[in-house]
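Before any comments, here is the structure.
First listed ligand is number 1; within each ligand, the first listed atom is number 1.
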Amino acid sequence: MTSKIAVLGSTGSIGTQTLEVAQMHHIQVTALTANKNIRLLEQQVRQFHPKMVCVMDMGAAAQLKIALRDLPVEVYCGEEGILRAAAESDADMVVNAIVGVAGLFPTLAAIRAGKNIALANKETLVAGGSLVMKEIKSRGVKLYPVDSEHSAIFQCLQGCPEKALKKVILTASGGSFYGKKKSELENVSIKQALTHPNWSMGAKITVDSSTMMNKGLEVIEASWLFGCSDEQIDVVIHRESIIHSMIELEDNAIIAQLGVPDMKIPIQYALTYPQRLPSPSKELDLTEIGALHFSKPDDETFPCLGICRQALRLGGVYPAVANAANEAAVELFLAGRIKFTDIGEIVGNAVSSFRWEEETVTLDSITAADKETRAKIKAYY
Ligand code: NAD
Ligand code: MG
């Protein structure tokens, strides 16, 4: 089990829950990073005594340095500082809880420094899956999924013979607008999109859940983690979010992982693997739930899942393009500048209009595709 962690994105939904788990199991925290929430970051530093801390914003870093002058903690700022926090503290595991493709470089820096990774930042694998998996292999480090569906699959796979996996079945809550038709989605508000039925999460992933983009990103994430093709990854709507995902084996046996919808369970499994320890989460009472329901996703009303599958089949930098377009579109939606239904259109257009003819994916080609996609969207809106 891990004894020292660095937490990137420690002030967010996953970051704060990671620290709760660390506290309960006396796991030492060696580095913390955040975008700009220095109030919370300062509290975290005072509670966990990391060796280094970093904020993206330069002004915020200067303020934090003054606030923490009584402590022997190194304060860094910007991307460079995040990379240092990922690679240079003496953590044996880096928990990546940053939101968006901004998490890709820190993941790579941590792997190259020989750290195991607990990965919540799915955009890392969506944009840079081929590079990340190559680095993981060549450095001999371990990558533990934190995303609840992928943790569920990882848990189901424990003890399964290597070649027995036939397919994975990702469950999806369906998000805020499950059951609605396209015409009803035209005028939904930001507040409605930010209201998730079962999970309390950061803003971006909550919007991604309501568009089904989150499940699309998770299909791509699963393809890298478990070596599955698009056809080997099923998605089933399961409103209760009690079954976190399943695997189907060669003999048609299906194995599922269940629990209350609480991210502290998958976070803890990544941190304490292979051990099973008491959790700060609640027990599941199935008699209280009563019934579990399943249905097919509505790909017509929610096109993002299908677009991500298309990007996965196209390969190369297409998943990075879909991700960049989505990040840009969600930002525009949250700023009140586009309609909810524009998100799917923007992502679809970005993938279908992108031209990529290179043979191999490199960090440069991913970065260029990401930039080009965002620039096109910015120029239009
Ligand atoms: P969040 O918005 O609550 O937190 C994001 C964290 O990243 C914050 O600490 C923020 O300061 C930091 N951050 C934001 N932009 C940054 C940047 N450009 N550079 C460096 N740091 C930056 O997000 P979250 O809900 O905790 O999600 C984090 C990641 O975990 C996402 O990739 C999300 O898809 C994934 N995830 C989240 C949940 C969940 O329940 N919240 C579940 C599964 C997967
Ligand atoms: Mg998930």
Side-chain angles (χ1 to χ4, degrees), residues 6-20 31-41 44 53-57 60-61 64 76-86 95-107 109 117-127 144-154 168 170-175 194 196 198-209 211-222 225 235 238 241 243-245 257 260-267 270 281 323 326-327 330-331 334 370:
V7 186
L8 313 181
S10 65
T11 56
S13 161
I14 294 290
T16 51
Q17 294 181 84
T18 300
L19 292 178
E20 237 181 279
L32 294 170
T33 81
N35 196 22
K36 54 180 178 216
N37 184 352
I38 50 169
R39 274 182 73 144
L40 180 55
L41 198 55
Q44 293 179 340
V53 59
C54 174
V55 260
M56 281 301 282
D57 188 79
L64 185 66
Y76 297 105
C77 115
E79 252 166 74
E80 191 90 341
I82 306 252
L83 297 180
R84 289 186 85 143
V95 181
N96 189 341
I98 291 174
V99 60
V101 78
L104 173 60
F105 281 85
T107 303
I117 308 289
L119 190 69
N121 178 253
K122 62 192 87 187
E123 296 91 346
T124 276
L125 283 178
V126 171
Y144 300 104
V146 167
D147 211 349
S148 59
E149 295 76 2
H150 306 75
S151 172
I153 293 164
F154 179 60
V168 302
L170 297 177
T171 52
S173 71
L194 286 176
H196 195 278
N198 307 328
W199 298 94
S200 156
M201 311 180 283
K204 191 250 177 191
I205 183 175
T206 307
V207 175
D208 287 351
S209 297
T211 59
M212 290 293 284
M213 183 72 190
N214 184 48
K215 216 44 57 177
L217 298 174
E218 290 184 355
V219 165
I220 302 171
E221 183 186 11
L225 285 171
V235 171
H238 165 48
S241 298
I243 296 184
H244 298 304
S245 278
Q257 187 258 329
V260 292
D262 184 335
M263 286 308 294
K264 290 188 283 297
I265 299 175
I267 291 169
S281 75
N323 178 67
N326 180 59
E327 286 188 25
V330 171
E331 233 179 273
L334 289 175
D370 181 282

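- Panel note: side chain N96, backbone G103; a donor-acceptor pair is recorded below 3.5 Å.
- On a distance-only criterion, A203 and ligand 1 share no N/O pair closer than 3.5 Å.
- In terms of protein heavy atoms, atom 41 (N) of ligand 1 is closest to S13 OG, 3.1 Å.
- Closest approach of F154 and P145 over heavy atoms only: CB-CG, 3.8 Å.
- Summary of contacts: the protein heavy atom closest to atom 29 (C) of ligand 1 is I98 O, 3.4 Å.
- By the criterion of a heavy-atom distance under 4.0 Å, the backbone of S10, and not its side chain, is placed next to ligand 1.
- For atom 35 (C) of ligand 1, the closest non-hydrogen atom of the protein is A120 O, 3.1 Å.
- Across every non-hydrogen atom of I153 and S245, the tightest pair is CG1-CB, 3.9 Å.
- The shortest side-chain heavy-atom distance between N323 and L217 falls under the 4.5 Å cut-off.
- For the atom pair Q257 CD and T171 OG1, the distance stands at 9.0 Å (nearest 0.5 Å).
- Close contacts between ligand 1 and I14 involve ligand atoms 26 (O), 30 (O), 37 (C), 38 (C), 39 (C), 40 (O), 41 (N), 42 (C) [criterion: under 4.0 Å to a heavy atom].
- For atom 18 (N) of ligand 1, the nearest non-hydrogen atom of the protein is A102 CB, 3.5 Å.
- Looking at E123 next to ligand 1, an N or O pair under 3.5 Å apart turns up.
- In this structure, the side chains of R84 and C54 stay at 4.5 Å or more apart for every pair of heavy atoms.
- Between K204 and E123, at least one side-chain nitrogen of the basic residue sits less than 4.0 Å from a carboxylate oxygen of the acidic one, meeting the salt-bridge criterion.
- Note: no N/O pair closer than 3.5 Å links G15 and ligand 1 by distance alone.
- Of the residues V99, D208, I205, L225, the one that meets the side chain to side chain contact (heavy atoms under 4.5 Å, CB included) test with K122 is I205.
- The nearest protein atom to atom 33 (C) of ligand 1, hydrogens excluded, is given as I205 CD1, 3.9 Å; this is a heavy-atom distance.
- If you check the side chains of N198 and S241, you find a donor sitting under 3.5 Å from an acceptor.
- Of all the atoms in ligand 1, the ones that sit under 4.0 Å from a non-hydrogen atom of A34 are 11 (O).
- Q17 is listed as a side-chain neighbour of D262, based on a closest heavy-atom distance under 4.5 Å.
- The backbone and the side chain of K122 each have at least one atom closer than 4.0 Å to an atom of ligand 1 (non-hydrogen atoms only).
- Minimum heavy-atom separation, N121 to L104: OD1-N, 4.1 Å.
- Within 6.0 Å of the NZ atom in K36, the count of heavy atoms belonging to other residues, nucleotides or ligands does not exceed 12.
- N35 places none of its side-chain heavy atoms less than 4.5 Å from the side chain of D57.
- For E218, the N, O or S atom with the smallest separation from the Mg ion (ligand 2) is OE2.
- For Q17, no nitrogen or oxygen atom sits less than 3.5 Å from a nitrogen or oxygen atom of ligand 1, counting backbone and side chain alike.
- Residue T11 touches ligand 1 through backbone and side chain together, judged by heavy-atom distances below 4.0 Å.
- Distances between N or O atoms of D147 and those of ligand 1 include no value under 3.5 Å.
- By heavy-atom distance, the residue among I82, V99, V55, N214 lying nearest atom 14 (C) of ligand 1 is V99.
- The N, O or S atom of E149 lying closest to the Mg ion (ligand 2) is OE1.
- Closest to atom 42 (C) of ligand 1 among all protein heavy atoms lies M263 CE, 3.6 Å.
- Other residues, nucleotides and ligands contribute only 12 or fewer heavy atoms inside 6.0 Å of the CD atom of E331.
- Among protein heavy atoms, atom 25 (O) of ligand 1 sits closest to G202 N, 2.8 Å.
- For the pair L41/S10, a side-chain contact is recorded, criterion being any heavy-atom separation below 4.5 Å from C-beta on.
- When you scan the N, O or S atoms of D147 for the one nearest the Mg ion (ligand 2), you land on OD1.
- Looking from atom 20 (C) of ligand 1 to the surrounding protein, the closest heavy atom is M56 CG, 3.6 Å.
- Close N/O approach between N35 and ligand 1 is found [any backbone or side-chain N/O within under 3.5 Å].
- The proximity of A97 to ligand 1, defined as any non-hydrogen pair under 4.0 Å, is limited to the backbone.
- Inclusion of G9 in the set of residues having an N or O under 3.5 Å from an N or O of ligand 1 is warranted.
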